[in-house]
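Indexing begins at 1, ligand by ligand and atom by atom, following the structure's order.
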Amino acid sequence: MSIPAFTPPILMLDLAAQHAPLRAELDAALRQCLDESAFIQGPAVAEFVQELSQYLGGPHVVPCANGTDALQLALMSLRLPQGSEVLVPAFTYVATLEAAALLGLVPVPVDVLPTTFGLDPHAVEAAITPRTGAIVAVHLFGQCADLESLRRLADHHNLALIEDNAQSLGATFTTSTGETWAAGTVGEVGTTSFFPSKNLGAMGDGGALFTHDSSRAELLRQLANHGQTRKYHHEHIGLNSRLDTLQAALLRVKLRHLEQWTAARQHIAARYDAAFAGIAGLLVPARDPRSTHVFHQYTVQLTDPTRRDVLQKHLAALGVPSVVYYPLPVHRQPAYHYLGYQAGQFPVAERLCQKVLSVPIHPTLAPEQVAFIGEAVRSFF
Ligand SMILES: *Cc1c(COP(=O)(O)O)cnc(C)c1O
């Protein structure tokens with residue numbers, strides 16, 4: 001294959017292209033913020049909170065500074081005794097464990113399903129001890145973990161369920177009784193991130209928490225504002241974690257386009273599925289029929305892990321970027337060696353780290369770029 005001269009070149013993420021058609025709306029939002037100069041807790045924050053709540057079917061939304069703070073605030077709101085165990089997937093972004101570790105809780109990695117990459121409910125059940133306080137489910141790459149089983153397990157064992165929904169805003173899960181749940185609104189607390197690369201990204205950092213419990217929402221608001229219950233009256237030890245007015249104003253503009261971007265991602269995913277159909281040695285992303293998939297990433301698996309890095313080089317030589325999310329399971333990260341886990345203890349997570357590769361799926365990829373990426377992958381096998 002020869003490298004076509006795509007303009008722009010194929011990028012893993014193309015925020016400039018995503019923002020270009022919104023430029024007038026974004027400029028107007030920025031101008032209004034400058035005119036109002038209410039940079040902290042300005043009107044756009046409350047407006048964005050209201051609109052995001054509506055988008056998700058009405059939970060309380062508490063804005064904060066980033067998705068990692070959101071996880072920390074969620075755990076703080078549970079008031080777990082020091083040393084409580086918090087079950088987390090062994091295959092996730094490290095932020096999922098970081099908050100627990102910082103709070104004097106014990107992150108306990110649990111293996112994931114090789115299909116959806118979500119927590120394996122059987123492994124969760126086996127990991128529950130009298131010290132377990134919470135389960136943190138991650139909806140990885142755009143698809144829900146097995147929310148119904150995890151909700152049931154949490155209820156049965158009297159544990160809190162936290163959903164790290166940094167990657168799957170807008171995904172839904174349909175239960176066995178036909179209810180539709182919005183990802184992030186099923187746990188005692190759900191969290192999300194507006195890091196620029198997420199499906200709903202700010203132009204800097206941002207995050208939010210979701211809960212249906214109004215007293216927990218109030219506690220989360222206080223915790224995110226120095227534990228303050230009224231001005232200069234601090235009931236709790238809190239954080240300073242706010243969503244900037246500027247970011248909220250920009251997010252309001254972008255939220256109006258999220259559904260359309262999600263549809264574009266789903267359309268590209270379907271085209272990749274068709275392009276990769278029948279390639280022996282390559283697995284396309286599995287779909288749990290109970291969940292929608294908002295394709296934060298389109299992540300393939302190579303059945304032969306020794307060929308993954310070779311495929312990545314092959315693609316790079318053709319001008320096709322790709323990324324390994326994630327190269328190391330959390331229990332193998334040096335910072336978490338103190339937890340005492342060994343290589344091989346979470347075999348699914350470890351194998352995934354060797355087998356996965358994510359190819360570009362941002363909503364402004366041109367059809368000919370998608371077709372070229374399909375051909376580039378095919379030409380390797
Ligand atoms: C991005 C991400 C986070 C952290 O969000 P920040 O806003 O970068 O702090 C947490 N968990 C997962 C799964 C993420 O993808």
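- For ligand 1 and Gly67, the ligand atoms under 4.0 Å from any heavy atom of the residue are 5 (O), 6 (P), 7 (O), 9 (O).
- Regarding atom 13 (C) of ligand 1, its nearest protein heavy-atom neighbour is Asp164 OD2, 3.4 Å.
- Using a 4.0 Å heavy-atom cutoff, His296 is absent from the residues neighbouring ligand 1.
- Nearest protein heavy-atom neighbour of atom 8 (O) of ligand 1: Phe195 CD1, 3.8 Å.
- Of the options Leu71, Thr68, Thr96, Val136, the smallest heavy-atom separation from atom 4 (C) of ligand 1 is shown by Thr68.
- Looking at Gln167 next to ligand 1, an N or O pair under 3.5 Å apart turns up.
- Within the listing of ligand 1, atoms 5 (O), 6 (P), 7 (O) sit less than 4.0 angstrom from a heavy atom of Ser193.
- Taking a cut-off of under 4.0 Å to the non-hydrogen atoms of Ala166, the atoms of ligand 1 that pass are 2 (C), 3 (C), 11 (N), 12 (C), 14 (C), 15 (O).
- Ring-plane geometry between Trp181 and Phe173 is classed as parallel, the angle between the planes falling under 30 degrees on a 0 to 90 degree scale with a further cut at 60.
- Between Phe117 and Phe91, the two ring planes are tilted [angle within 30° to 60°].
- For atom 1 (C) of ligand 1, the closest non-hydrogen atom on the protein side is Lys198 NZ, 1.7 Å.
- Note on Glu188 versus Arg151: salt bridge recorded, some NZ/NE/NH1/NH2 to OD/OE distance being below 4.0 Å.
- The shortest distance between side-chain heavy atoms of Arg216 and Val189 falls below 4.5 Å.
- For ligand 1, the atoms sitting less than 4.0 Å from at least one non-hydrogen atom of Asn66 are 7 (O), 9 (O), numbered in the order shown with element in parentheses.
- Salt bridge status for Arg256 with Glu51: absent, with no side-chain N to carboxylate O gap under 4.0 Å.
- Between Asp273 and Arg287, at least one side-chain nitrogen of the basic residue sits less than 4.0 Å from a carboxylate oxygen of the acidic one, meeting the salt-bridge criterion.
- By the 4.5 Å heavy-atom criterion applied to side chains, Phe48 and Arg252 are counted as neighbours.
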